[in-house]
Amino acid sequence: MEPRNAPEIFLKPYNPAEREPEILKKWEDSGYTNPDRCIEDGITDKDAETFSIVLPPPNVTGTLHMGHAAMLAVEDILVRYNRMRGKRTLWIPGTDSAAIATQAKVEDILYKKEKKTRHDIGRDALMQLIEQFTDESKATIINQVKKMGASLDWSRYAYTMDEKRNAAVSEAFIRMYEAGLIYRGDRIVNWDPKLQTTVSDDEIERVEQKTPFYYFQYGPFVIGTVRPETKFGDKYVVMHPADERYKAFEHGQKIELEWINGPITATVIKDEAADMEAGSGVMTITPAHSGIDFEIAKRHNLDIEQVIDERGILLPIAGELAGQHIKKARPLIVEKLKEKGLLVKVDEDYTNNLAANSRGGGTIEPQIKRQWFIAVNKPVKFPTGETMTLKEWMRRAVDSSETKIMPERFEKIYFHWIDNLRDWNISRQIWFGHRIPAWFKGDETKVQVESPGEGWVQDEDVLDTWFSSGLWTFSTLGWPQESDDLKTYHPTTVLETGYDILFFWIARMVLMSGFLRGEVPFRHVYLHGLVRDAKGRKMSKSLGNIIDPLTMIEKYGADATRLSLIIGASMGNDLKLSEDRVRGYKHFANKVWNITRFVLEQAPNAEAKINEADQKLLDEAHAIATTVSGHIDAFRLDLAADTIYHYVWHRFADEIIEESKPILKGEDAAAQASRVAALYQILLVFLKLLHPFMPFVTEAIWQQLPQPASAKGSGEAMKGSDLLMVAKWPLLR
RNA sequence: GCGCGCAUAGCUCAGUCGGUUAGAGCGUUCGAUUCACAUUCGAAAGGUCCCAGGUUCGAAUCCUGGUGCGCGCACCA
């Protein structure tokens, strides 16, 4: 058969690297990622149902990795699908300052280049360096996000540290302070001696490790510990009131005994926090460096003495070991106790979970510090008029299904987290971040944005980065102004992110949106899994198993990269990715390209009448549209993509086209015309179905289709544009 | 310690409300093909649905117990 109609471009295989930039430009020039523009041009109905997503803002420190790529693919599929279905669709882009990580990185660069620390150059100079760094990084990551084909509305771009977001953060802090939700207090917090800042409970990572477990003679008792270096100040010995073994001892009883630096007087404390099952059932406490000990000390009004300073150095209470770092001091203390005959035994095979700062910091040292907290158990009045605690609100939002977490098992994990939640420490002792709008003068405190006047000094601390992230769904829409965007698009429809930040972010957004707006931040939470290598290992530099999305895009195209991250990736489960997978989907893009070539090579007949057999084929295509739509509506993108993939390749190409060949070569002109028309119409249907998943190749093909836009798909094209991106989704059967 | 989840072909995974002979992709083997295809097409082999018990006319699917693996939380001295 002679090629008759197919444009020349189809004679060569599909070349994504060549096509993608021009397609990207067409989309950008159209402005149709902005729903306002779609309404202006009559593509979307003003009163249409809305569909909104905020992009989880990538950190400005990083470059695009496969996790981002997976996130962008999922969200873009949802966005393109809903836009094509005629919904008023908004997807807001943004970037995140990632305070601690960014500052640490810039400090690192500063030290490597000039051997200077932040204290050498001062706060202002450091902030300037950070600004320079983040400006560059922002441009890089934005450019990379675009290459994935993400149809974000860049006219609404937000940065967590820009002016509008700063204003939102201050407003939120002040409102919460005035409601009594935010308070300042001396409490035991997680101190990172390396980064010199506190971190929240959720940022702590437990690392299992083998540590010797020491048993010491403490007067008449045997006590156990993995941290001998904290034991200098121990002058209280605690046991359970119901412990029969120690009923001879009374609460408050004084006992003289020999300890590390000589004789001391210990006091017996009976408290139910002591676990009778653990070790000897007796423990000494270090209230300044342990959460549970601190609670006990407060209950019984005991002395609290700091033993270790902010850098991990022993204080004068340690006697001759004062000034030593705890790491070096530990063996010396053990040695000293051994000499005194107080070392009972050592269990070398003990494993315990060491608390470390998951944000690249050091080993956590509990310290008592004056910090800002959000009270999660305090009843307050919500904008809805109800009075409840933040915990209760967070529980109800999900319990009532106002927000639905998918996959559902994460709802249980969420509830479990809420049950264990304690007041949230929101102040950080770093320089980069949102300054706390609090001012001090002597004993007075004022919470407001501007300085109250002469002699007032602003709090040096900045806010936990998740404080501002918690506002993200509505700070990006104009809050605290009651803007049109806010009224139209909030609560957002979907929040899609990795399950690893369920608590950090999702829960904090529910909290903030609840108290500040009296509504949930989103209707659905879609949690995707982590992208791992083909063997299921985490991708990491040290393993050398990183698959770079930008390399994949260059080699195989953004479409293939997207599909490789969608098919076979069921919700909430980790995905094993290999370069072979990506290559496989490049073949699919080329298959679609060639199918188009075949269909276009047939001469269409304007008078063609579709016969009964061919109508069945059309019906079948529309039935596929129904199936695909149903899967997307249920957020089963893996099944949706698999369905359309299978239909296009193994039904349309392998069967329908093959069966068509005899008809097209045959003598029956009517049958021939009918089949040509049917093939063309089915092509239009599946290009649309495929578009959310593979936007580039489908748009590239769409642009080559011979008929004018208005006629494409028998009047199913939307008004105003010949872009597939805003074409109307096929009819469902 | 408390909690959540997973186990289906060599590998990666679907399997919806409990219902026909348990499916797909990749891989393997065999064959065809340059007639849309930087190839593609056809066919075949491959299963104790982790184990044991229970409910049921009927169980990969529901229940109980066990085994193995993964994850989350946790202030065990």
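Only a predicted model underlies this, so the values are computations on that prediction, with no experimental measurement involved. Labels below follow one simple rule: chain letters A, B, ... track the order of the sequence lines, proteins then strands, and each chain is numbered from 1.
The CD-P distance, from A:E601 to B:C35, rounds to 12 Å in whole Å. As a whole-Å value, the separation of A:D654 CG from B:U33 C1' is 14 Å. Regarding A:E411, its CD atom lies at a distance of 19 Å from the P atom of B:G3, rounded to whole Å. Distance, A:R636 CZ to B:C13 P: 13 Å, rounded to whole Å. In this structure, A:H587 atom NE2 and B:G27 atom C1' are separated by 15 Å, rounded to whole Å. Rounded to an integer number of Å, the gap from A:I501 CD1 to B:C71 P is 19 Å. The distance from atom CG of A:D642 to atom C1' of B:C13 is 10 Å, rounded to the nearest whole Å. Rounded to whole angstrom, the span from the CZ atom of A:F415 across to the C1' atom of B:G72 amounts to 15 Å.
Between A:R206 and B:C76 there is a side-chain N or O to OP1 or OP2 distance below 4.0 Å. Not one side-chain nitrogen or oxygen of A:K591 sits closer than 4.0 Å to the OP1 or OP2 atom of B:A38. One finds a side-chain N or O of A:N594 lying less than 4.0 angstrom from the OP1 or OP2 phosphate oxygen of B:A38. Between A:R422 and B:C75, a side-chain N or O to OP1/OP2 separation shorter than 4.0 Å is present. Considering only side-chain N and O atoms, A:K661 lies under 4.0 angstrom from the phosphate OP1 or OP2 of B:A36. Taking 4.0 angstrom as the limit, A:R227 places none of its side-chain polar atoms (N or O) nearer than this to OP1 or OP2 of B:C75. Dashed line: the shortest gap from a side-chain N or O of A:W649 to OP1 or OP2 of B:C41 is under 4.0 Å. Between A:N420 and the phosphate of B:C2, there is no side-chain N or O to OP1/OP2 separation shorter than 4.0 Å.
When heavy atoms are screened at a 4.0 angstrom cut-off, A:N573 is found touching the sugar-phosphate backbone but no base atom. Using a 4.0 Å heavy-atom cutoff across all strands shown, A:K576 reaches sugar-phosphate atoms only and no base atom. Counting non-hydrogen atoms under 4.0 angstrom, A:A274 reaches a base of the nucleic acid. Nucleic acid contact for A:E658: base, since at least one base atom lies under 4.0 Å from a heavy atom of the residue. Residue contacts shown for A:A653 include a base, since a base heavy atom lies under 4.0 Å away. If you check every strand for non-hydrogen atoms under 4.0 Å, A:F503 touches sugar and phosphate atoms only. Residue contacts for A:I188: at a heavy-atom cut-off of 4.0 Å it reaches no nucleic acid atom on any strand shown. The residue A:I223 sits apart from the nucleic acid: no heavy atom pair falls under 4.0 Å. Across all strands shown, A:Y645 has no heavy atoms under 4.0 Å from either base or sugar-phosphate atoms. Residue A:R583 is out of contact with every strand shown, counting any heavy-atom pair closer than 4.0 Å.
The side chain of A:H650 lies closest to B:G25 when the candidates are B:A36, B:G25, B:C4. Taking only side-chain atoms of A:I657, from C-beta outward, the nucleotide of B:G5, B:A36, B:A77 with the closest atom is B:A36. The side chain of A:K665 lies closest to B:C35 when the candidates are B:C41, B:C35, B:A77. The side chain of A:H416 has B:C2 as its nearest neighbour among B:C2, B:A77, B:G25. Minimum atom distance to the side chain of A:H646 is reached by B:A24, of the listed B:A24, B:A14, B:C4. Minimum atom distance to the side chain of A:I413 is reached by B:C4, of the listed B:C76, B:C4, B:A14.
Using a cut-off of 4.0 Å between Lys/Arg side-chain N and Asp/Glu carboxylate O, A:K369 and A:D186 are scored as not salt-bridged. A salt bridge between A:K538 and A:D533 is absent, with no side-chain N of the basic residue lying under 4.0 Å from a carboxylate O of the acidic one. Electrostatic pairing of A:D202 and A:R508 counts as a salt bridge here, judged by a charged N lying under 4.0 Å from a carboxylate O. Note on A:E411 versus A:K404: salt bridge recorded, some NZ/NE/NH1/NH2 to OD/OE distance being below 4.0 Å.
Atom name P, nucleotides B:U29 and B:G46: the rounded distance is 16 Å, in whole Å. Rounded to whole Å, the separation between the P atoms of B:U8 and B:C62 comes to 15 Å. On the C1' atoms, B:U20 is 12 Å away from B:G58, given to the nearest whole Å. To the nearest whole angstrom, the two P atoms, one in B:G66 and one in B:C4, are 15 Å apart. Taking the C1' atoms as reference points, B:A9 lies 30 Å from B:C57, given to the whole Å. B:C11 and B:C49 have their P atoms separated by 16 Å, given to the nearest Å. Comparing B:A59 with B:A22, their P atoms are spaced 14 Å from each other, to the whole Å. Across B:C50 and B:G72, the matching C1' atoms stand 24 Å from one another, rounded to whole Å.
The aromatic ring centroids of A:F221 and A:F249 lie less than 6.0 Å from each other.
If you take CZ on A:F693 and CG on A:L637, they are separated by 6.0 Å, rounding to the nearest 0.5 Å. Distance OG1/A:T363 to CH2/A:W191: 14.5 Å, rounded to 0.5 Å.
The partner of B:G72 is B:C2, judged by Watson-Crick or G-U wobble contacts that both fall below 3.5 Å. Applying the Watson-Crick and G-U wobble criteria (two distances, each under 3.5 Å), B:C62 pairs with B:G54. B:G47 is unpaired under the criterion used here, namely a Watson-Crick or G-U wobble arrangement in which both key atom distances are under 3.5 Å. Base-pair partner of B:G23: B:C13 (Watson-Crick or G-U wobble, both distances under 3.5 Å).
A cation-pi geometry, defined here as NZ or CZ lying under 6.0 Å from the six-membered ring centre and within 45° of its normal, does not hold between A:K586 and A:Y556.
Glycosidic torsion of B:C17 falls within 90° of 0, placing the base in syn.
Taking the six-membered ring where the residue is Trp, A:Y645 and A:W649 present tilted rings, their angle falling between 30° and 60°.
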